[in-house]
Number of protein chains: 2
Amino acid sequence: MEDGIPTRCEQCIVRQFNSLRAMSKEELRRVSESKTTKLVKKGDSIFKEGEKLKGVYCVRGGVSKLSKLSANGKDQIVKLATKGEVLGQRSVIVDENTNLSATAVDDMEVCFIPKETIVNSLNSNPDFAVEMLRHMAHDLKEADDVIVNMGQKTVKQRIAEAFFYLKANFGEDKDGFLLLKLSREDIANVVGTATESCIRIISEFKKKGYLKTSGKKVAIIDEEGLRNVVDGF
Amino acid sequence: MEDGIPTRCEQCIVRQFNSLRAMSKEELRRVSESKTTKLVKKGDSIFKEGEKLKGVYCVRGGVSKLSKLSANGKDQIVKLATKGEVLGQRSVIVDENTNLSATAVDDMEVCFIPKETIVNSLNSNPDFAVEMLRHMAHDLKEADDVIVNMGQKTVKQRIAEAFFYLKANFGEDKDGFLLLKLSREDIANVVGTATESCIRIISEFKKKGYLKTSGKKVAIIDEEGLRNVVDGF
DNA sequence: CGGTGTTTTGACGTCGGTCAATATGTGTGG
DNA sequence: CCACACATATTGACCGACGTCAAAACACCG
């Protein structure tokens, strides 16, 4: 997000984090030429579940939530994607409509890369395909872990874990406040519970001294206490 | 499982269901030469979580459960894999220890294919890599769906859904009994609940006339009633 | 300053987990 | 084929976890 000016992919640092690192100079040039850069405001949608995507979105900055509406009308957040991650690759590869919606949780900067560009490289450059396979394999493992947590842990454990996740993946400021600010509802949708339950548990954590808040910001102050909650004590 | 005699992969029908379909004749020959066929008895383990796999396992017949132990000591079944599916590819691709255990739910016949054979083709044949990518993308989508179900549906809904899943994926005999017989504990571990809760809900379903049982066999007799449960009525 | 959306709190009922006791198989060796 | 040992299935009782409805306390914004 340094600036809003489209950069050449060849020099984009973000690329180091995703499968585009396996592209040749020539391929990157083609991506650079075909891509378009977009600013997405906090709360805005990048794409919605059921849409047919014409390409993928490479996240240059900001955070997005990938969610799916369930029959009861509530969103389940499946994943938070940040700098370097590529959104929509699954749908492009299997050539189906998306199964997830992507929404900005932050102000974001994303690059749209047309499907054809990706598919071409995929078919001609095994390194790129394998690199993408590696990333997908990683996502799959993470999804498996989430399934296990959802199946075996209580809501309280999952909320505690969510805070560690936020800290590990998005960091905290000098005063220990988490950099990524999610609404209580979003947190509830990550762990799969009702907003009120989520709120109640968070205030319990505050009362017990595991967390503190200031405005919308949250900080972990008793790491060990919270860790015990995750482990079921 | 027609017989226990190793077959040539070139003629193996199972291959049509997985990424090996994208292999060249030459590649298939190499797979055929390097593979070994194994019979696995019901209840036996194919590999355990944390192991380093030296290759992948292609399922020729039977069903296996892929599960992960959670901190509280209970298994969560993440997926049931059947004829045509390849076990362990994720770990082989990212070159990590497995995150899941694979256990036979049925008597099984599997072919072990050494890592090198797979990796070689992956690096040289983009079609194969892309085909594997497609399968992995499909798995990922399924995992996302599971996450949503776990987060948003009640245990009762998930159990009802599990029966539809068993019917759709493994079929039923002429009398409507599900072909794949899972223990109550396994069902509980699929949906992420206690065995007793699972049992209680199944007997409720029987009482309401949605299911009937005979010995270990279970049949869906009121499809619509059960469907209403899944949808939350 | 009122209006709108988020956070918090209360009350209440159901869902689901745990412990424990009892059936019902199921397999093994005699 | 029986008897015993052991796994699996079933049921009851109890209680804490969680979802839901509602109302109040705050925040933020034009």
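Letters A, B, ... mirror the listed sequences (proteins, then strands); counts begin at 1. Note: hydrogens, waters and symmetry copies are ignored here, and every other heavy atom, side chains too, is used.
Across all strands, A:K206 comes closer than 4.0 Å only to sugar-phosphate atoms, never to a base (heavy-atom distances). Contacts of A:T195 with the nucleic acid, taken as non-hydrogen atoms under 4.0 Å apart, are absent. B:S197 comes within 4.0 angstrom of a base, heavy atoms only.
Comparing A:R200 and A:G215 by the nucleotide of DNA chain D that holds the closest heavy atom to each, the one mapping nearer the 5' end is A:R200. For the pair A:E196 and A:K216, nearest-nucleotide mapping onto DNA chain C gives the more 5' position to A:K216.
To the nearest 0.5 Å, atoms CG (B:D139) and CG (B:D144) are separated by 11.0 Å.
Counting only heavy atoms from C-beta outward, the side chains of A:K156 and A:V229 approach each other to under 4.5 Å. A heavy-atom distance below 4.5 Å is not found between the side chains of A:V218 and A:F177. Using a 4.5 Å heavy-atom cutoff, the side chains of A:K79 and A:K65 are not in contact. Taking the side chain as every heavy atom from C-beta outward, A:V56 and A:K115 never approach each other to under 4.5 Å. With a 4.5 Å cut-off on side-chain heavy atoms, B:M136 and A:L140 count as touching.
Reading DNA chain C from its 5' end, the first and the last nucleotide to sit under 4.0 Å from a heavy atom of chain A are C:dT7 to C:dA11. The nucleotide range of DNA chain D contacted by chain A, defined by atoms under 4.0 angstrom from heavy atoms of the protein and reported 5' to 3', is D:dC18 to D:dC21.
Ring to ring, A:Y57 and A:F47 are close: their centroids are under 6.0 angstrom apart.
Using a distance-only test at 3.5 Å, with no hydrogens or angles considered, no donor-acceptor pair links the side chain of B:E109 to the main chain of B:G62. Between the A:R184 side chain and the A:C198 main chain, no donor and acceptor come within less than 3.5 Å of each other. At distances below 3.5 Å, at least one donor-acceptor pair connects side-chain atoms of A:R90 with backbone N or O atoms of B:A137. At least one donor-acceptor pair closer than 3.5 Å links the side chain of B:R158 to the backbone N or O of B:V191.
Near-neighbour residues of DNA chain C inside residues 178-186 of chain A, defined by a heavy atom below 4.0 Å, number-ordered: A:S183, A:R184.
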